[in-house]
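The block underneath contains the structure these notes are about, expressed in structure tokens.
Proteins get letters first, then strands, A, B, ... in listed order; numbering begins at 1 in each.
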Number of protein chains: 2
Amino acid sequence: MLSRAVRIFGAFDPENPALTLTEISRRACLPLATTGRMVDELVRHGLLQRDARRYVRIGVRMWELAQRASPTLDLREAAMPFMEDAQAVVGHSTQLGVLDGEEVLFVERLSAPGAVVNITKIAGRLPLHASSAGLVLLAHAPAELQDRILTRPLPAMTPDTITDPAMLRATLAEVRQRGCAFCPGHIHPDATGIAVPVRGAGDRVVAALGFVVPNDEQAWWRTGLLQATARGIGRRLGAGAATVTRPSP
Amino acid sequence: MLSRAVRIFGAFDPENPALTLTEISRRACLPLATTGRMVDELVRHGLLQRDARRYVRIGVRMWELAQRASPTLDLREAAMPFMEDAQAVVGHSTQLGVLDGEEVLFVERLSAPGAVVNITKIAGRLPLHASSAGLVLLAHAPAELQDRILTRPLPAMTPDTITDPAMLRATLAEVRQRGCAFCPGHIHPDATGIAVPVRGAGDRVVAALGFVVPNDEQAWWRTGLLQATARGIGRRLGAGAATVTRPSP
DNA sequence: ATCACACTCCCATTCAATGGGAATCGCATT
DNA sequence: AATGCGATTCCCATTGAATGGGAGTGTGAT
């Protein structure tokens, strides 16, 4: 069954890119025999591979297939030049995230030596309510998703994380109105996250662009640059133009 | 069954990153009903996704998982700075390929406007016997694989492609001895491919680095630069050091 | 209005995945 | 050497889940 295989893939995370069969079985909550059989088969197909120590890793085929996952690729390609410029000016961390499921998935991240602490990784995830990029994406997400998040418990990562649903709802309205999310110390006491929406074709919000800077200084200064950068990316993605679905007759 | 799902993934190629359900069913040779059911399930898991027109694409989850496929990632990361330097000097195309199955899989490729014609793509594949990178990888591959290739038919891409097994065997010996493969017009009449091995930990050949240049000029000039670049990459990968498997006591 | 194409749904059949446990392997410690 | 632990593979009777042909629905083009 397929969900079995997906559970196996899900056993890998950025901190554990190589696992032993037994570990996979434990993490995926699958019987060892089944795990073994499936891993063998996945290896045969190249979706997984075993290294010298027989540890299991994600296979090359997966990478090859991922190169056809254009939505993300287009976005990264359009964004990179702009992000590099912004990063050169700010000098801490610049990151680009998209909404996936009920989390932010970061598709690109630039950093500098000496930058303030930042737990984000490329292909890493953060909860929507706790990160600046998450707030931006949630604020522009369908009401249905917002409701779902608002009725769930909101785990705190620091004392400053938003954990009260009413407060979150108010913040989302503010983010929509200001066009910018500001999260001093929500994830780490020493860091401030700032994020703005990136609008693609049809002016829909397709991603969030953010900085992580120290939370002592006046981080607000940065929002202007962030907004200009997001606009640049958006233009490259066709913002302002009509939706692609159908060229008008 | 898993091979069903893999067949579905295999229906996507660099030229067709978005397919309709029926097309997938045709390409994968699977009954439409089965294809539909499986695509739905794969979409639910994020391995596939549907765009506005309900076309099916590879999903973000696939990309996310691929980020943990470190072998390729390490290699690209180590190689990129060197490749950029080499590319700046030569100005046509620079590419990096690994052996996967019975083909070369290109993991990185730099090009320039005005470069000579080059059919390689990132995450694209070429047969081992026809490309310079393929010859390098095959020349250093286990005898078992060489035999398998030598007993298969060798399809020609141009009149200059090597199609005779004896000729191929001789060429492989030459590549091993010279440390360099040279393929004028083997893939396209106007282009010459040159490639050298990249040696990683334990001096095993882990990749092939190549240029594609016009085949009229003295392409040989370029082999020096190519070899130096490959050495640089190799050093970054730990060439010269003992194999990682076991530190000597 | 009609056609062509893309897709979804249904359901009886059947075949292939399942997983507990025993056997094996390989490494490390005593 | 001997022992032990953890990882892995193998086996096989059971069962339940995937299968796919074809009918039915929807959408867009002529």
Side-chain angles (χ1 to χ4, degrees), chain A residues 1-13 15-59 68 70-71 202 242-249, chain B residues 1-13 15-59 68 70 201-202 242-249:
Chain A
M1 218 233 222
L2 271 178
S3 53
R4 298 307 231 280
V6 176
R7 299 268 286 285
I8 291 181
F9 292 144
F12 297 88
D13 61 50
E15 279 76 34
N16 307 70
L19 298 171
T20 171
L21 189 55
T22 316
E23 273 174 322
I24 297 177
S25 142
R26 257 199 299 274
R27 287 164 157 262
C29 299
L30 292 174
L32 186 55
T34 310
T35 311
R37 222 173 331 107
M38 295 196 78
V39 167
D40 276 354
E41 189 160 2
L42 290 168
V43 168
R44 217 168 302 130
H45 290 301
L47 294 179
L48 295 179
Q49 65 190 69
R50 310 190 91 131
D51 66 15
R53 275 162 267 170
R54 289 190 50 76
Y55 276 47
V56 182
R57 309 177 145 276
I58 300 288
R68 342 263 214 248
S70 39
T243 317
V244 217
T245 329
R246 184 124 274 282
S248 40
Chain B
M1 220 232 219
L2 272 177
S3 52
R4 298 307 231 283
V6 176
R7 298 266 286 286
I8 292 182
F9 292 143
F12 297 88
D13 62 49
E15 279 76 34
N16 306 71
L19 299 170
T20 170
L21 189 56
T22 316
E23 273 174 321
I24 297 178
S25 141
R26 256 197 301 272
R27 287 163 158 262
C29 299
L30 292 173
L32 186 56
T34 311
T35 311
R37 222 172 332 107
M38 293 196 81
V39 167
D40 276 353
E41 188 160 1
L42 290 168
V43 167
R44 217 168 303 127
H45 290 301
L47 294 178
L48 295 178
Q49 65 190 68
R50 309 189 93 130
D51 67 15
R53 274 164 270 169
R54 289 190 53 74
Y55 276 47
V56 182
R57 309 178 145 274
I58 300 288
R68 343 264 215 242
S70 37
T243 318
V244 217
T245 330
R246 186 125 271 282
S248 41

Shortest non-hydrogen contact from [X] toward [Y]:
{"X": "A:Arg4", "Y": "A:Leu30", "result": "NE-CD2, 3.3 Å"}
{"X": "B:Gln49", "Y": "B:Gly59", "result": "OE1-CA, 3.2 Å"}
{"X": "A:Ile58", "Y": "A:Phe9", "result": "CD1-CD2, 4.4 Å"}
{"X": "B:Thr22", "Y": "B:Leu32", "result": "CA-CD1, 4.0 Å"}
{"X": "B:Ala5", "Y": "B:Met38", "result": "N-CE, 3.8 Å"}
{"X": "B:Pro31", "Y": "B:Ser25", "result": "C-OG, 4.3 Å"}

Rounded off to whole Å, could you give me the [atom1]-to-[atom2] distance for the [X] and [N] pair?
{"X": "A:Leu19", "N": "D:dT8", "atom1": "CG", "atom2": "P", "result": "10 Å"}
{"X": "B:Arg27", "N": "C:dA6", "atom1": "CZ", "atom2": "P", "result": "13 Å"}
{"X": "A:Ile24", "N": "D:dT9", "atom1": "CD1", "atom2": "P", "result": "11 Å"}
{"X": "B:Arg44", "N": "C:dT8", "atom1": "CZ", "atom2": "P", "result": "11 Å"}
{"X": "B:Leu21", "N": "D:dG26", "atom1": "CG", "atom2": "P", "result": "17 Å"}
{"X": "B:Asp40", "N": "C:dT8", "atom1": "CG", "atom2": "C1'", "result": "9 Å"}
{"X": "A:Glu41", "N": "C:dA16", "atom1": "CD", "atom2": "P", "result": "12 Å"}
{"X": "B:Ile8", "N": "D:dA18", "atom1": "CD1", "atom2": "P", "result": "13 Å"}

Which ones in residues 29-39 of chain B lie close to DNA chain C, meaning a heavy atom under 4.0 Å from one of its atoms?
->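 B:Leu32, B:Ala33 - these, ordered by number, are the residues of the stretch whose heavy atoms sit under 4.0 Å from the strand.
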OP1 or OP2 of [N] sitting under 4.0 Å from any side-chain N/O of [X]?
{"X": "B:Arg54", "N": "C:dT8", "result": "yes"}
{"X": "B:Thr22", "N": "C:dC5", "result": "no"}
{"X": "A:Arg50", "N": "D:dA7", "result": "no"}
{"X": "B:Thr20", "N": "C:dA6", "result": "no"}
{"X": "B:Arg4", "N": "D:dG20", "result": "yes"}

Bend across the helix from C:dA1-D:dT30 to C:dT30-D:dA1, to 10°, with axes taken over 5 pairs at each end?
->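 Rounded to the nearest 10 degrees, the bend comes out at 50°.
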Does any non-hydrogen side-chain atom of B:Leu19 lie less than 4.5 Å from one of B:Phe12?
->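 Side-chain contact under 4.5 Å: yes.
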Minimum side-chain heavy-atom gap B:Asp51-B:Val56 below 4.5 Å |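 SC-SC contact between B:Asp51 and B:Val56 ruled out.
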Residue pairs fulfilling salt bridge (Lys or Arg N to Asp or Glu O under 4.0 Å) with at least one residue in residues 26-40 of chain A, sequence neighbours excluded |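 Passing the test, one end in residues 26-40 of chain A: A:Asp13-A:Arg27, A:Asp40-A:Arg50.
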